[in-house]
Amino acid sequence: MKLKQRVVVLALLLVILVLTKLLLLDRLETSAAQRQDQLSFQRMMSSLKLTMDSRLEHTLQSPWEIASQWVVPREVYPEDTPEMGAVLHAMVTKKIVRADVGYKGTQLKALLVLDGGQKVVFKPKRYSRDYIVEGEPYAGYDRHNAEVAAFHLDRILGFRRAPLVVGRFVNLITEIKPVATEQLLSTFLKQGNNSCFYGKCYYCRETEPACADRETMEGSVTLWLPDVWPLQKHRHPWGRTYREGKLASTTDTTNCSAVSLRWEYDESYCDAVKKTSPYDSGPRLLDIIDTAIFDYLIGNADRHHYESFQDDEGASMLILLDNAKRLEQGFCVCVCLSLSLSLSL
């Protein structure tokens, strides 16, 4: 073999060796990155796991005091919450000392007071787990287990903007009726062998009560935010109507109402929102975007208003309240993620 040919062969071999080394290094780096991703995922899953234990270590405070101290302008609970399981356990097990009709709204709920003075919102089970509500995304009743799953999705996404929620069984005869107000008691009735109530709300009807399985009713319990953090209601700048063929409109004179008619047809609407308080500064517009992602994952098309803390000048978070519409028809991602944490919905 001539010298020139040998040089060419050696050059080719050198190129092959360099490419092989680069390929191996790339594979090693990819494998290392994958291992790092797996470790990060395992750490995240470990941090999200909850033990429903009544014990509160290293504190003489009640679970209600602990949960109250968690709340700050940008989160309902901190990232590191070793007492979370104990607070949820208390929400499930503490004695109900008072029961009343829920606060105003469109959906049936009851306002309960647990031992120690903590208020919670009880949403009754209206559908079986596998029932699919036909029609528009906002049709039908609230799903109690959607509230639970949405809370855990909030934890997984790291938003920490949803109040604590857990499932609970209550006995309407022995736990609710003896401590119920006259207003709530007046809505109790029987359907066959089942105890029912229909409460007070915009869509509450005596003909459409929520019924227990005989006396025992399943539902979700949402922790009431501390009274020292009063809420302020805002119209969503991308609000919608519930009438087919009708564009969104509002008579509100605050919170971007001057441009709230435009989003369905005006491509420059977002620019107009960004120049309007409280979206022209601070994190509020980014919170709107986060909430849009959150609502897409749970299938919620009903957030026509939202709440923040009062007198916040746009600095507080958008609080993720009323997330019970609607976890179904492919929007099972948060259920699956929650189940992966071995949590009961």
Side-chain angles (χ1 to χ4, degrees), residues 88 91-92 101-102 105-110 112 120-156 162-173 175-176 187-222 240 242-244 294-304 320-345:
L88 294 175
M91 293 168 63
V92 173
V101 296
T106 61
Q107 297 287 321
L108 172 61
K109 60 187 77 71
L112 309 180
V120 295
V121 176
F122 179 79
K123 287 191 176 181
K125 176 183 177 181
R126 307 289 294 225
Y127 302 112
S128 62
R129 295 290 193 278
D130 57 356
Y131 183 83
I132 295 178
V133 180
E134 302 292 344
E136 298 295 336
Y138 44 81
Y141 305 117
D142 280 359
R143 304 183 78 104
H144 77 289
N145 56 321
E147 286 282 10
V148 182
F151 162 62
H152 291 293
L153 179 63
D154 174 71
R155 296 178 60 230
I156 290 165
L164 278 63
V165 187
V166 69
R168 176 167 179 165
F169 289 92
V170 298
N171 188 299
L172 294 184
I173 304 303
E175 292 185 273
I176 301 298
T187 73
F188 271 71
L189 52 88
K190 295 278 285 188
Q191 286 192 352
N193 294 322
N194 299 325
S195 296
C196 312
F197 76 99
Y198 57 91
K200 300 284 186 182
C201 69
Y202 187 80
Y203 291 124
C204 290
R205 304 285 187 272
E206 185 175 354
T207 55
E208 299 180 23
C211 291
D213 181 4
R214 294 186 178 273
E215 298 178 0
T216 303
M217 175 175 281
E218 180 183 349
S220 66
V221 176
T222 302
R240 61 178 297 166
Y242 300 97
R243 297 180 183 177
E244 188 175 355
F294 179 82
D295 284 340
Y296 175 78
L297 291 175
I298 66 174
N300 179 21
D302 194 43
R303 204 176 298 278
H304 43 78
L320 298 173
L321 297 174
D322 292 332
N323 305 309
K325 282 199 173 28
R326 73 184 198 175
L327 201 68
E328 58 182 38
Q329 295 177 328
F331 297 107
C332 65
V333 60
C334 43
V335 174
C336 298
L337 289 169
S338 296
L339 286 174
S340 71
L341 302 178
S342 301
L343 296 166
S344 173
L345 301 183

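Residue indices begin at 1 and follow the sequence shown. Remember, it's a predicted structure, so these values are computed and weren't measured experimentally.
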Is K123 close to Q107 at the side-chain level, that is, under 4.5 Å between some pair of heavy atoms? no

Side chain Y141, main chain L108, donor-acceptor under 3.5 Å: no

Classify the ring geometry of F188 against F197: parallel below 30°, tilted from 30° to 60°, perpendicular beyond 60°. parallel

Minimum heavy-atom separation for N171 and E215, please, with both atom names. ND2-OE1, 3.3 Å

Over all atoms of both residues, closest heavy-atom pair of Y198 and T187: CD2-O, 3.0 Å

How many angstroms lie between atom CG of N300 and atom CZ of F294, to the nearest 0.5 angstrom? 8.0 Å

Check: E206 and L189 side chains under 4.5 Å, non-hydrogen atoms: yes

Drop me the distance from L297's CG to D295's CG, to the nearest 0.5 angstrom. 9.0 Å

Taking the side chain as C-beta and beyond, is there a heavy-atom pair between D322 and R303 under 4.5 Å? no

Looking only at heavy atoms, what is the nearest atom pair of T106 and C201, with distance? O-SG, 3.5 Å

For the student: nearest non-hydrogen atoms of V170 and E175, plus distance: CA-OE1, 3.3 Å

Could you state the interatomic distance from CG (D302) to CG (D142), rounded to the nearest 0.5 Å? 7.5 Å

State, yes or no, whether a side-chain contact exists between K125 and D213 at a heavy-atom distance under 4.5 Å. no

Nearest heavy-atom approach of R168 to V221 is CB-CG2, 3.7 Å

What closest approach, in Å, do V133 and R143 show between heavy atoms, and which atom pair accounts for it? CG2-NH1, 3.7 Å

Expected output: side-chain D154 to main-chain A162 donor-acceptor under 3.5 Å: yes

Salt bridge check: are K109 and E147 linked by an N-O gap of less than 4.0 Å? no

Between E208 and R126, does any side-chain N to carboxylate O distance fall below 4.0 Å? no

Quick one: does C196's side chain get under 4.5 Å of K190's, heavy atoms only? no

